[in-house]
Amino acid sequence: MMTMPEMQSRYIADMPVLIWDKHFTNSEFQRLSKYHGVNGYLDSDTDEVKGALEGLSSPNNRYMFDDRLNNGKPKGGCITCAIIGNGGIMNGSRKGQEIDAHDYVFR
């Protein structure tokens with residue numbers, strides 16, 4: 001997927017999704033400080049980021065799709081996910097099998 005030019009311009013393959021203080025280094029801060037958004041540290045102070053990360057529990061994986069990566073390349077094509085809210089609108093929809101067919105389900 002990341003060999004496709006249109007994907008290279010949209011995604012950063014080694015952008016951590018789940019990070020905590022164990023992974024915080026000055027070099028990682030410098031690398032991510034040029035990006036906006038949830039995983040970027042642009043306009044953030046080093047101490048502010050480090051302090052916030054120290055308050056988080058340790059996740060199992062640094063990257064969301066660790067088990068699907070092999071040398072930085074996805075195995076077997078695109079990764080799919082389903083995001084399900086808690087409003088109950090899906091209750092009785094009979095979409096369970098379709099939802100569970102995704103690689104990851106976020107509820």
Side-chain angles (χ1 to χ4, degrees):
M1 180 171 86
M2 291 306 292
T3 59
M4 300 166 60
E6 64 272 15
M7 293 297 168
Q8 291 174 352
S9 66
R10 293 181 182 181
Y11 301 101
I12 303 167
D14 63 345
M15 176 67 77
V17 175
L18 305 172
I19 188 169
W20 66 105
D21 63 328
K22 177 181 174 184
H23 292 122
F24 185 83
T25 63
N26 285 330
S27 62
E28 185 71 346
F29 178 83
Q30 293 302 319
R31 184 177 78 86
L32 297 176
S33 65
K34 57 187 166 190
Y35 301 108
H36 288 284
V38 177
N39 299 341
Y41 302 146
L42 188 67
D43 300 325
S44 297
D45 179 80
T46 307
D47 293 330
E48 177 183 53
V49 173
K50 184 165 178 51
L53 294 175
E54 287 172 348
L56 299 175
S57 299
S58 300
N60 291 328
N61 297 315
R62 182 174 183 208
Y63 298 95
M64 184 176 291
F65 306 118
D66 277 352
D67 61 338
R68 293 285 308 257
L69 295 177
N70 181 18
N71 297 323
K73 298 178 183 171
K75 298 177 190 174
C78 292
I79 297 167
T80 64
C81 66
I83 301 172
I84 310 300
N86 61 358
I89 196 167
M90 298 300 292
N91 192 22
S93 68
R94 306 177 69 78
K95 296 287 185 180
Q97 188 173 7
E98 182 179 340
I99 293 167
D100 292 341
H102 293 280
D103 296 298
Y104 293 89
V105 178
F106 299 92
R107 299 185 192 276

Verdict with supporting geometry, F24 and T46, side chain to side chain contact (heavy atoms under 4.5 Å, CB included): CA-CA 10 Å; F24 185 83; T46 307; 3.7 Å; yes

In chain order, what residues pass the side chain to side chain contact (heavy atoms under 4.5 Å, CB included) check against K95, with sequence neighbours excluded? M90, S93, E98, I99

Return the set of residues passing side chain to side chain contact (heavy atoms under 4.5 Å, CB included) with E48 (not counting sequence neighbours), or none when no residue passes. S44, D45

Would you call the rings of F29 and Y41 parallel, tilted or perpendicular if under 30° counts as parallel and over 60° as perpendicular? parallel

Evaluate the side chain to side chain contact (heavy atoms under 4.5 Å, CB included) criterion for residues E28 and T25: first the C-alpha distance (whole Å), next the side-chain angles of each, then the deciding distance (0.1 Å), finally the verdict. CA-CA 5 Å; E28 185 71 346; T25 63; 3.2 Å; yes

Looking at L42, I want to see if its CG is surrounded by more than 12 non-hydrogen atoms of other residues, nucleotides or ligands under 6.0 Å. yes

Counting only heavy atoms from other residues, nucleotides and ligands, does the tally under 6.0 Å from CG of D100 exceed 12? yes

Taking every heavy atom of H102 against every heavy atom of A82, the minimum-distance pair comes out as CD2-CB, 3.5 Å

